[in-house]
K.L.:
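First the structure, then my questions, so here it is.
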Amino acid sequence: QVQVAESGGGLEQTGGSLRLSCVASGSIFSTNVMGWYRQAPGKQRELVGHITSGGATNYADSVKGRFTISRDSAKNTVYLQMNSLKPEDTAVYYCNAVVRTTYNSVLYVYWGQGTQVTVAS
């Protein structure tokens, strides 16, 4: 059994910063790619960015230069540092992790339940 849990969301002002954390736990043999997605009201879920096991990252154009993804693979944890926040960043932010479990050698994607980020204008 694998669980993915986000934390760190909340209310912030325009121009402020938030740091989201996501921890994968349970019967994990190894964690590969970990990523962040978001879904704003009335919109489809979109990729924010992700990070490979080797540390390579990519980002949506809307967050480049403002958001930074990092990870601590030993802790199965990924972070999203959000700077220069804008009202359009308001969304539910979801974390996922590509995991190989101790009981199944197949890679599988697990999702967290999401954390709300609200940026006041």
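This is a predicted model, so every value here is computed, not measured.
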K.L.:
How many angstroms lie between SG in Cys95 and CD in Glu6, if you round to the nearest 0.5 Å?
P.N.:
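Here the interatomic distance stands at 5.5 Å.
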
K.L.:
Are the side chains of Leu18 and Leu85 in contact, using a 4.5 Å heavy-atom criterion?
P.N.:
yes

K.L.:
Quick check: is Val106 connected to Val99 through a chain of hydrophobic side chains (ILVMFWY, heavy atoms under 4.5 Å apart)?
P.N.:
no

K.L.:
Testing Asp72, Thr31, Val23, Ile69 for side-chain contact (heavy atoms from CB on, under 4.5 Å) with Val78, which one passes?
P.N.:
Ile69

K.L.:
Apply the test salt bridge (charged side-chain N to carboxylate O under 4.0 Å, His left out) to residues Asp61 and Lys64: give CA-CA distance (whole Å), side-chain angles for both, the deciding distance (0.1 Å), then the verdict.
P.N.:
CA-CA 5 Å; Asp61 288 341; Lys64 286 181 179 178; 3.1 Å; yes

K.L.:
When you measure from the side chain of Thr90 to the backbone of Glu88, do you find a donor-acceptor pair of N or O atoms at a distance under 3.5 Å?
P.N.:
no

K.L.:
Rounded at 0.5 Å granularity, tell me how far NE2 in His50 sits from CG in Asn32.
P.N.:
12.5 Å

K.L.:
Could you tell me the separation between the SG atom of Cys22 and the CE atom of Met34, rounded to the nearest 0.5 Å?
P.N.:
4.5 Å

K.L.:
Between Tyr93 and Arg38, is any side-chain donor less than 3.5 angstrom from a side-chain acceptor?
P.N.:
yes

K.L.:
Nearest 0.5 Å, please: how far is CZ in Arg66 from CE in Met82?
P.N.:
8.0 Å

K.L.:
What do the steps show when you test Thr52 against Thr57 for side-chain contact (heavy atoms from CB on, under 4.5 Å), and what is the final call?
P.N.:
CA-CA 7 Å; Thr52 70; Thr57 57; over 6 Å; no

K.L.:
Does the side chain of Ser17 reach to within under 4.5 Å of the side chain of Gln81, using non-hydrogen atoms?
P.N.:
yes

K.L.:
Apply side-chain contact (heavy atoms from CB on, under 4.5 Å) to residues Val48 and Phe67 and explain how you reach the verdict.
P.N.:
CA-CA 9 Å; Val48 175; Phe67 291 8; 3.9 Å; yes

K.L.:
Tell me whether Arg19 forms a cation-pi arrangement with Tyr79, defined as NZ or CZ under 6.0 Å from the six-membered ring centre and within 45 degrees of its axis.
P.N.:
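Yes, cation above the ring, under 6.0 Å and within 45°.
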
K.L.:
Measure the CG-CH2 distance between Asn96 and Trp36 for me, rounded to the nearest 0.5 Å.
P.N.:
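Rounded to the nearest 0.5 Å, the CG-CH2 separation comes out at 10.0 Å.
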
K.L.:
Between the side chain of Thr115 and the main-chain N/O of Ser7, is any donor-acceptor distance below 3.5 Å?
P.N.:
no

K.L.:
Parallel, tilted or perpendicular, judged at 30° and 60°: which one describes the rings of Tyr94 and Trp111?
P.N.:
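Judged by the thresholds at 30° and 60°, the geometry between Tyr94 and Trp111 is perpendicular.
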
K.L.:
For a side-chain contact (heavy atoms from CB on, under 4.5 Å) check, start with the C-alpha distance between Thr101 and Tyr108, then their side-chain angles and the critical distance, and finish with the verdict.
P.N.:
CA-CA 8 Å; Thr101 66; Tyr108 197 83; 6.0 Å; no

K.L.:
With clusters defined by side-chain heavy atoms of hydrophobic residues (ILVMFWY) lying less than 4.5 Å apart, directly or transitively, does Val33 cluster with Val2?
P.N.:
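No, because Val2 and Val33 fall into different hydrophobic clusters, even though each may have its own neighbours under 4.5 Å.
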
K.L.:
Out of curiosity, Ile28 CD1 to Arg100 CZ, how far, rounded to the nearest 0.5 Å?
P.N.:
12.5 Å

